[in-house]
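Just so we're clear, the structure is a prediction, and the values are computed from it rather than from any experiment. Both counts, for ligands and for their atoms, begin at 1 and track the order of listing.
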Amino acid sequence: MANGALLFQSIGYPLELWTPHLARLRPDLDVRTEDNPGRADEIHYCIAWKPKPGSLAALPALKVVFSMGAGVDAIVADATYPRHVPLSRVVDPTLSQSMTEYVVMNVLYWHRRMHDLQSLQRLRKWRQIASPRAEQVRVGILGFGVLGQAAATALKALNYRLSGWSQTPKQAPGVTTFHGSEGLEPFLRQADILVCLLPLTPGTHGILDARLFASLPPGACVINAARGGHLVEDDLIRALDKGHLRGATLDVFATEPLPETNPLWVHPKVVVTPHSAAATDPAAFMAHVARTITRVDEGLPPENLVDFARGY
Ligand code: NAP
Ligand code: GLV
């Protein structure tokens, strides 16, 4: 078999949403599923989201693993991942657009006091609440990468005061940038609305904790659209209950689905969404997979590679 086979592994979504796009672009590919994977040594490509630990290491002829998401934490967490096999992640304008919509929606929600206005409506109270102008609101983006920079561009067009925090120095027009551990504190001190778009790595696990919240200005709001592992939930609840933080939007959780008993579901200052900020578009993703397989066939490196040393 010239091309080898492609295996869908632990994708967590109905296969029929994905396979027709690939069949249209690469009808020659032998596509296999976990139920019927065939011989392991025939599999050259694997599409994965949360693969079972050890399952990728059991595929000896792998040429590329495709993460179905931008975040690869669930894949690189597997210590047995065969690191000589390139891991390609999702970098796609449709994903950036969806995340930008989610971030803009939630920045506006907290800036324009929508949470308080909805509470007043439930009480049938006619009371106007003034909001500052956008240029007076400082939005800090924790994780100034592909998605963070896309969101910043849209927020900039709405006149917000933008800042971004990254690992390495960055320059972006109209955005004050900070980097590294020494840049974190000054970045936080001036973030009225904090948006987390970091990858989950050992260096960012639990970063949204009591210490970080204490560095934010009083009345700050937090939007976590990255991973649940960034957040220390009890610390957030304490900071909200003390009144230091005004509100939070959470899209991602340490345990997903969020258990019914989790207090965040009913916290009066929290908005919960079910990991739906930005979903990978099947057609765009399969176009990326097909393009990459062609590149690899031509001896070119895959695109959007994960750096295993950094973990993202
Ligand atoms: P990305 O392009 O890799 O950007 C990550 C950013 O975080 C980069 O600016 C990076 O700095 C910075 N960073 C990483 N570790 C850091 C550290 N220890 N200290 C300071 N900065 C650090 O990733 P992306 O494509 O924007 O995606 C971000 C995350 O969003 C994904 O990993 C995923 O978990 C999450 N996500 C969530 C959803 C959802 O539906 N909720 C959808 C898609 C993605 P450098 O630029 O210097 O490397
Ligand atoms: C979704 O959470 C992603 O990482 O793309």
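- Linking Ile, Leu, Val, Met, Phe, Trp and Tyr whenever their side-chain heavy atoms come within less than 4.5 Å puts Leu7 and Val72 in one cluster.
- For the side-chain contact (heavy atoms from CB on, under 4.5 Å) test, residues two or more places apart in sequence or in another chain that qualify with Ser276 are Asp251, Thr273, Pro274.
- Residue contacts with ligand 1 do not include Leu200, since none of its heavy atoms lies under 4.0 Å from the ligand.
- The number of heavy atoms from other shown groups lying within 6.0 Å of CZ (Arg211) does not exceed 12.
- Given atom 1 (P) of ligand 1, the protein heavy atom at minimum distance is Arg89 NH2, 3.5 Å.
- Ligand 2 is never approached by Phe285 to a heavy-atom distance shorter than 4.0 Å.
- Under the 4.5 Å side-chain heavy-atom criterion for grouping Ile, Leu, Val, Met, Phe, Trp and Tyr, Val103 is connected to Ile141 within one hydrophobic cluster.
- Not one N or O of Ala70 is nearer than 3.5 Å to an N or O of ligand 1, by distance alone.
- For Gly71, a nitrogen or oxygen atom sits less than 3.5 Å from a nitrogen or oxygen atom of ligand 2, counting backbone and side chain alike.
- Looking only at heavy atoms of the protein, atom 30 (O) of ligand 1 is closest to Leu147 CD1, 3.8 Å.
- Of all protein heavy atoms, the one lying nearest to atom 3 (C) of ligand 2 is Ala70 N, 3.4 Å.
- Here Val90 has no heavy atoms under 4.0 Å from ligand 1, in either its backbone or its side chain.
- Here the two rings, on Phe285 and His21, have centers that are 6.0 Å apart or farther.
- Ionic pairing of Arg238 and Asp241 is not present here: no N-O contact between side-chain nitrogen and carboxylate oxygen is shorter than 4.0 angstrom.
- Residue contacts with ligand 1 for Asp251 involve side-chain atoms from C-beta outward but no N, CA, C or O (heavy atoms, distance under 4.0 Å).
- Closest to atom 4 (O) of ligand 1 among all protein heavy atoms lies Gly145 CA, 3.2 Å.
- Atom CZ in Arg127 sits 10.0 Å away from atom CG in Leu117 (nearest 0.5 Å).
- The closest non-hydrogen atom to atom 4 (O) of ligand 2, taken over Met99, Arg227, Arg89, comes from Arg227.
- The distance from ligand 1 to the heavy atoms of Thr168 drops below 4.0 Å at these ligand atoms: 45 (P), 47 (O).
- Nearest non-hydrogen protein atom to atom 19 (N) of ligand 1 is Trp165 CH2, 3.1 Å.
- Protein heavy atom nearest atom 3 (O) of ligand 1, with residue, atom name and distance: Tyr312 CD1, 3.4 Å.
- Not a single heavy atom of Thr201 sits under 4.0 Å from any atom of ligand 1.
- Annotation: Leu197 places no N or O atom under 3.5 Å from an N or O atom of ligand 1; distance criterion only.
- Looking only at heavy atoms of the protein, atom 2 (O) of ligand 2 is closest to His275 NE2, 2.6 Å.
- When the heavy atoms of Gln167, Lys170, Arg227, Gln149 are ranked by distance to atom 16 (C) of ligand 1, first place goes to Gln167.
- Salt bridge Asp41/Arg39: present, at least one basic N to carboxylate O contact under 4.0 Å.
- Put simply, no part of Gly69 is less than 4.0 Å from ligand 1, judged by heavy atoms.
- Only the side chain of Met99 comes within 4.0 Å of ligand 1, counting heavy atoms alone; its backbone N, CA, C and O stay farther away.
- The closest approach between any non-hydrogen atom of His179 and ligand 1 is not below 4.0 Å.
- Regarding atom 5 (C) of ligand 1, its nearest protein heavy-atom neighbour is Pro199 CD, 3.5 Å.
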